[in-house]
Amino acid sequence: MSIRHAPIILLRNCKSLNPFSLYKITHNIITHNTHIHLPFAIAPIHQSNEPTLVVTLRMLNRLCKSGETKAALLMLKDLEKNDTFKANVTHYNIIINTLCKERRVNEAVEVYGEMMAKGVVPDVWTYNVLIKGLCGLRLLDEGRGLFGEMVEKGVAPNVVTFNILVHSFCKDGKVGEARDWFDLMWEFGCVADVVSYNILVNGYCKVKRVDEALSLFVMMSEKKVVPDIVTYTTLINGLCQVGRVEDALTRFGEIRGCGLVPDVIAYSTLIDFLFKNGKFDEAVALVKTMEEGNVVPNIDLYNILIDGMCKAGKVDVGEDIFRKLPASGLKPGFYTYNILINGYCKNKMITEALSLLKEMCVKRISPTIVTYNTLINGLCHVGRLKDALLLFDDIHKRDLVPTVVTFSTLIDSLFKHEKFDEALGLLRTMEGVGLVPNIVLWNILIDGMCKSGKVDVGHEIFRGLSSRGLRPNIRTYNVMMNGLFKNGKLTDANQLLQEMMIAGCMPDAYTFNIIIQGFLRWNETTMAVQFLRRMLDAGFSADIHTSINLVNLLATKELDSDSKEVLKTFFQHTIDTTVT
DNA sequence: CTAGGGTTAG
């Protein structure tokens with residue numbers, strides 16, 4: 001037997017080897033026996049007479065699919081070296097795609113450079129994959145740049161190219177630009193398909209512009225693009241998000257009439273929404289309908305069910321579903337554990353939550369940082385700050401990295417325990433490891449500052465937000481307003497209210513309660529009553545503190561008849577809603 | 001032999 005035939009015999013006998021081992025062996029033989037050509041060595045793996053091109057493509061693809069990127073890269077290098085067999089654009093595409101999926105976009109771009117240096121001309125697939133990879137890292141400008149480059153090089157974009165771009169801009173919250181890309185495709189001879197519409201419909205829904213989503217739905221029928229189950233699920237989700245449940249249910253009912261069948265995700269969307277809005281019975285009824293329709297629940301639906309049970313205070317039912325998963329051939333992963341742990345925490349059953357953490361470790365399911373964040377939050381919530389800090393120390397031992405959420409939770413709790421110095425110390429630690437506070441943490445900090453008697457520092461932080469590229473949200477305004485009122489800075493508080501309205505941030509129930517209590521505290525009865533009226537008009541109700549203050553007001557103060565009238569309406573309204 | 005869309009936890 002000549003050395004030339006060695007690989008053939010070797011590989012014929014090792015069908016059970018995985019692609020990596022096969023290629024490793026092939027690769028080793030080739031590197032040590034330079035006279036053997038790569039295709040010659042690989043072909044026998046498949047014991048077929050297929051053309052070498054197809055064989056090598058399959059080989060590469062199998063390596064990538066089984067997570068053996070290293071071996072795949074090795075193989076590509078060999079293909080590049082080979083002079084009797086030239087690497088084809090698809091070889092490169094497979095590699096570039098894999099690297100992009102692994103978020104190794106830098107390397108993908110390098111391979112792109114290499115292929116051009118080798119004179120291999122990139123095609124539309126190459127660009128689509130790279131644009132998607134870049135946009136996935138939120139490098140939208142680079143993605144846009146690559147689009148320009150492909151056009152310049154004469155590679156025509158297709159509908160997929162535009163879908164990737166529309167989707168990327170939607171994900172970044174830039175629906176306007178997404179719409180521009182959507183409209184642009186016709187100028188390149190492309191026509192939007194059902195996927196294009198679904199992406200944009202979802203984009204509009206995610207920023208709560210549901211009416212524009214609905215008008216796209218109309219546009220679809222004008223353009224004779226038939227909606228599919230994804231279109232319906234997207235719309236239903238959007239309608240739910242803006243509280244239009246009735247419309248959502250109507251759409252759900254339309255599905256079958258279009259010759260479509262609701263799938264698990266369609267059901268999941270509605271079921272989850274029903275649970276989140278306290279419509280427990282309706283949610284359970286829909287699960288039954290689903291099962292009767294022979295739609296098989298998957299792990300995601302079970303996660304939603306477990307979460308829903310926990311949110312309804314029925315953790316034991318949640319645990320029951322959890323324990324019965326293996327019977328349905330499903331095994332809970334860290335995600336499911338996190339949900340159940342969260343359920344126990346929200347129901348203040350910390351012992352059970354902690355024992356689930358132990359169980360994960362025993363079953364070799366690695367907890368994630370979310371697991372720890374959930375437990376730390378749960379411990380803080382029941383006042384066990386010390387234990388929360390102990391758990392915080394465990395994070396490093398598990399090779400996990402704390403996130404801004406981890407720090408925020410602890411800092412918030414430290415502030416609530418009036419441990420101001422420790423809170424600020426932890427903030428410094430956080431910044432020391434290169435984490436940047438987000439708006440949620442700034443809200444906590446502003447609140448903490450105000451409550452430790454440093455309103456001015458809080459106000460300063462607030463003023464500095466825009467220079468950090470952050471926009472105050474409703475909570476930011478609320479904590480700031482609360483701080484200003486509590487410290488008697490009524491003028492500033494008033495000004496802040498104007499500011500938030502101009503910024504398009506509408507006061508919510510919290511805002512009104514803060515304002516009313518704030519004015520009452522400083523005996524500004526007229527203002528308080530004025531805002532009470534505005535609150536009632538806006539459809540919000542008073543919280544318990546505000547209500548008590550208003551009762552006291554009625555009992556102790558001389559009031560003009562107008563004010564009395566407002567208070568009367570308020571109490572009547574409260575009684576009505578309490579009785580029903 | 002490669003590219004695009006809908007649901008869930010802190």
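Just so we're on the same page: letters track the sequence lines, and every chain starts at 1.
- The stretch residues 200-224 of chain A touches DNA chain B through A/Asn202, A/Lys206, each having a heavy atom within less than 4.0 Å of the strand.
- Dashed line: the shortest gap from a side-chain N or O of A/Asn377 to OP1 or OP2 of B/dG10 is not under 4.0 Å.
- A/Glu359 places a side-chain heavy atom less than 4.5 Å from the side chain of A/Leu356.
- Below the 3.5 angstrom threshold, one finds a donor paired with an acceptor across the side chain of A/Asn128 and the base of B/dA3.
- Proximity of A/Lys276 to the phosphate of B/dA9: a side-chain N or O atom is located under 4.0 Å from OP1 or OP2.
- Checking the phosphate oxygens (OP1, OP2) of B/dG10, a side-chain nitrogen or oxygen of A/Lys346 falls inside 4.0 Å.
- Residue A/Asn342 has a polar side-chain atom (N or O) positioned under 4.0 Å from OP1 or OP2 of B/dG10.
- Considering only the side chain of A/Asp272, B/dT8 comes nearest among B/dA3, B/dG10, B/dT8.
- The separation between A/Tyr92 atom OH and B/dA3 atom P is 19 Å, rounded to whole Å.
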Show every donor-acceptor pair shorter than 3.5 Å between a side-chain atom in residues 146-153 of chain A and any protein atom, with sequence neighbours excluded, or say none if there are none.
residue  : atom : partner  : partner atom : Å
A/Glu149 : OE2  : A/Tyr112 : OH           : 2.6

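- When rounded to the nearest whole Å, the span between CD1 of A/Ile236 and C1' of B/dG6 equals 10 Å.
- Taking atom CZ of A/Phe334 as the reference point, atom P of B/dG10 lies 14 Å away to the nearest angstrom.
- Picking from B/dG10, B/dA3, B/dC1 the nucleotide with the shortest atom distance to the side chain of A/Leu57 gives B/dC1.
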